[in-house]
2 protein chains.
Amino acid sequence: MLAAVERLEYRPSAIARGLRLQRTHTLGMLVPDITNPFFPPIIRGAEEAARERGYELVLCNTDDAPERETASLRVLRERQADGLLIATSRMADTTVAALRRERFPFVLVNRGSSVTADPSVEVDNERASEAVIGHLAGLGHRRIGHISGPLSTTTGAERAAGYRAAMKARGLPVDEALLAEADAYAEPSGYAAGARLLRARPSAIFAANDLLVLGALRAAREAKLRVPEDLSLVGVNDIPLVDLIDPPLTTVRVPQREMGRIAADMLIALLESAPISRRHVLLDPTLVVRGSTAVPSGAAGSAA
Amino acid sequence: MLAAVERLEYRPSAIARGLRLQRTHTLGMLVPDITNPFFPPIIRGAEEAARERGYELVLCNTDDAPERETASLRVLRERQADGLLIATSRMADTTVAALRRERFPFVLVNRGSSVTADPSVEVDNERASEAVIGHLAGLGHRRIGHISGPLSTTTGAERAAGYRAAMKARGLPVDEALLAEADAYAEPSGYAAGARLLRARPSAIFAANDLLVLGALRAAREAKLRVPEDLSLVGVNDIPLVDLIDPPLTTVRVPQREMGRIAADMLIALLESAPISRRHVLLDPTLVVRGSTAVPSGAAGSAA
DNA sequence: TTGAAAGCGGTACCAC
DNA sequence: GTGGTACCGCTTTCAA
């Protein structure tokens, strides 16, 4: 009998089962852009965790555009995704508000929400900023600029807030000229913000992610500044190959894969009404010191 | 009436429709690893094309492991994917053979098949090799080594064949010591193969992809060789950031997004029995000359 | 223990 | 046109 099943290659239809059970064992995931190297490891982690528990993952790129977000959401719900992993970083909460109102299960990934009831998995952004400023201040930097991500994103806002707090805690100036907001987490935005920031003559720049700092690096080169001799540079995320560029980038490592795993696990627990230890997970970032940071050329660095 | 539909937020169930119609408007896509930067643009292109035509894309990582491949395939077919985009590069044709036998629609992406009936979208690998060897020979290199990808992959085999052909066409030696096969398209494999190859004292190395050449670069550094003064290096794919590493990598650009778009379009045409202009698309690669290639230090480069 | 029947939410067909 | 009905393949329930 079993042999017959084998031979006939019977494949139960997940579609029919989904219709009957009203559960498809599918998670939908909203990502701004799979092409941004920050996201694939998160997706990978989520997919692994999902698959281990018998769920599939369906991806949608949103380009951080509200209309694409709405469209993707409609698609995922028509396909009866059981729950959603939301990794789009814009705070634009109307989407999330609608889900919350309808009690549709979701977990926020790499972003928070003003509504504390929303489950989320994030990195401790303030701690990331604190580690970076601590490192730079330790080297003797005082005029430290910050290229923030869009302040409409939680990562952007929190890292900027962390920057201010860490600067103040050390009695360092938080000149507004030392702050530039990038309009997107992309290299060209980092270049524009970096060029602006350079006019304030910082000895170091902390950018909210690696793509931004790469843009700042290009701006610095055009301004004939040597990195790290004339300008120290720090990013966040530790995306592939930043250890191989010239100079190797000092950055903050974020446990992306783990973030994806935890988020998927949490969502599935939610779906299966399993007990959840924490609704809000804060992951620890790790400073990775490489060649793009050094003692500032002006002051012979008094160590911390 | 329409207003009522709006207010009640009626969402037709794609699941129910799929059951009734026996078509889900879903494409399954098999990728070795979404974390390899070569694939996201392909996926993105496929997803865009699919969405434009009302199809969804469901991804599966296979890790190039046969058992993961089989499992993913089962999942995708249970979910009633209408067709498959196969971007796993192993030639291991048993999977494909089964699909072919059952007349299940699929398109091969970035790989070919010995069975000419299988539709495919690839880059012209031999032409890529020809362009690279032409460039290196033009600079005056004669002892050009090749780190091939796994020869069980079509990309690996074709680029290696292209290398041999291009070398022979110029009367250059194809010493077997100048050839090393990497066991995977990953940096550590490139390092191992590069270290082996260096013993044959090549003045240039052409690796079958950028990850491999990055490994070779590390091996060269450990051997105290300067790039490009002592050793020229060329990769394939032009993945993000290789233009920023030290030295900026000379490589071959592959139109990944277009590859994904074309493959999805072709698959959908197949599904909808639309006329197909070509069952086999060969995309043109473009040599991108940057800083990792130069005239060999020994011979004061006689141009081609 | 085993088997028959209903129903999930759509589409398609066929009367009317 | 418009409305009723069967059916896609699975799970679940209920009866024999």
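The rotation axes computed at either terminus of the helix from C:dT1-D:dA16 to C:dC16-D:dG1 lie 60° apart, taking five pairs at each end and rounding to 10 degrees.
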Report task. Could you walk me through whether B:Arg279 and B:Ser120 pass side chain to side chain donor-acceptor pair (under 3.5 Å), step by step? Result -> CA-CA 6 Å; B:Arg279 279 182 90 77; B:Ser120 62; over 6 Å; no
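Proximity of residues 75-82 of chain A to DNA chain C (heavy atom under 4.0 angstrom from any strand atom) is not detected for any residue. Contact check of residues 15-24 of chain A against DNA chain D (heavy atom, cut-off under 4.0 Å) returns A:Ala16, A:Arg17, A:Arg20, A:Leu21.
Judged as a side chain to side chain donor-acceptor pair (under 3.5 Å), and not counting sequence neighbours, B:Thr35 has no contacts. Considering only residues two or more places apart in sequence or on other chains, A:Phe38 meets the ring pair (Phe, Tyr, Trp, His ring centres under 6.0 Å) condition with none of them.
When atom types are taken as modelled, the side chain of B:Thr24 and the backbone of B:Gln80 share a donor-acceptor pair closer than 3.5 angstrom. Formation of a donor-acceptor pair under 3.5 Å by the B:Glu47 side chain with backbone atoms of B:Leu57 is not found in this model. For the pair A:Arg159 (side chain) and A:Ala208 (backbone), a donor-acceptor distance under 3.5 Å is present.
The side chain to side chain donor-acceptor pair (under 3.5 Å) analysis of residues 260-277 of chain A, with sequence neighbours excluded, yields the pairs A:Glu48-A:Arg261, A:Glu52-A:Arg261, A:Arg53-A:Asp265, A:Tyr55-A:Glu272.
Salt-bridge check for B:Arg111 with B:Asp118: failed, with every basic side-chain N at 4.0 Å or more from each acidic carboxylate O. Taking 4.0 Å as the cut-off between side-chain N and carboxylate O, A:Glu56 and A:Arg51 count as a salt-bridged pair.
For the atom pair CD1 of B:Ile239 and CZ of B:Arg253, the computed distance is 13.0 Å after rounding to the nearest 0.5 Å.
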